[in-house]
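The structure appears below as structure tokens.
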Amino acid sequence: LREIFSSDADMTPDLKNKTLTITLHSLSTPRANDVVKKMCALLNQTQTIYPGTNMRMVFKSVAV
């Protein structure tokens, strides 16, 4: 988790679809990238709304 919190991410709003996509960049190891992919899937199931908006957060990883 420490590496995830200190790594880069992009936030892309889509006002038409009311989503905010958070794209996490690749981490240092394939194992860490696998964890991030699983974490993104779990977070996406929560359908979390970004505080103060009506935008649903969508999590993605760019790791291959």
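Any value given below was found using the heavy atoms of this structure, including those in side chains, with hydrogens, waters and symmetry copies removed.
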From Ser7 OG over to Leu27 CG, what is the distance, rounded to the nearest 0.5 angstrom?
5.0 Å

Nearest 0.5 Å, please: how far is OG in Ser61 from CD1 in Ile4?
9.0 Å

Partners passing side chain to side chain donor-acceptor pair (under 3.5 Å) against Ser28 (at least two apart in sequence or in another chain):
Glu3

So, does [X] use its side chain to make a donor-acceptor pair with the main chain of [Y] at under 3.5 Å?
X     : Y     : answer
Asp8  : His25 : no
Asn44 : Phe59 : yes
Asp14 : Lys16 : yes
Thr19 : Thr21 : no

Per side chain to side chain contact (heavy atoms under 4.5 Å, CB included), Val62 is matched among Asn33, Val36, Asp10, Thr23 by Thr23

Tell me whether Leu42 at atom CG has more than 12 heavy atoms from other residues, nucleotides or ligands lying less than 6.0 Å away.
yes

Let me see the working for Met57 and Thr46 under side-chain contact (heavy atoms from CB on, under 4.5 Å), right down to the final yes or no.
CA-CA 9 Å; Met57 297 171 71; Thr46 67; over 6 Å; no

Less than 4.5 Å apart, side chain to side chain, heavy atoms only: is that true for Leu24 and Met39?
yes

Results of side-chain contact (heavy atoms from CB on, under 4.5 Å) for Pro13 - residues two or more places apart only
Leu20, Met55

Hey, what else clusters with Ile49 if you join Ile, Leu, Val, Met, Phe, Trp, Tyr whenever side-chain heavy atoms sit under 4.5 Å?
none

Set out, in order, the CA-CA distance, both residues' side-chain angles and the distance that settles side-chain contact (heavy atoms from CB on, under 4.5 Å) for Leu43 and Thr48, then state yes or no.
CA-CA 8 Å; Leu43 288 170; Thr48 302; 5.9 Å; no

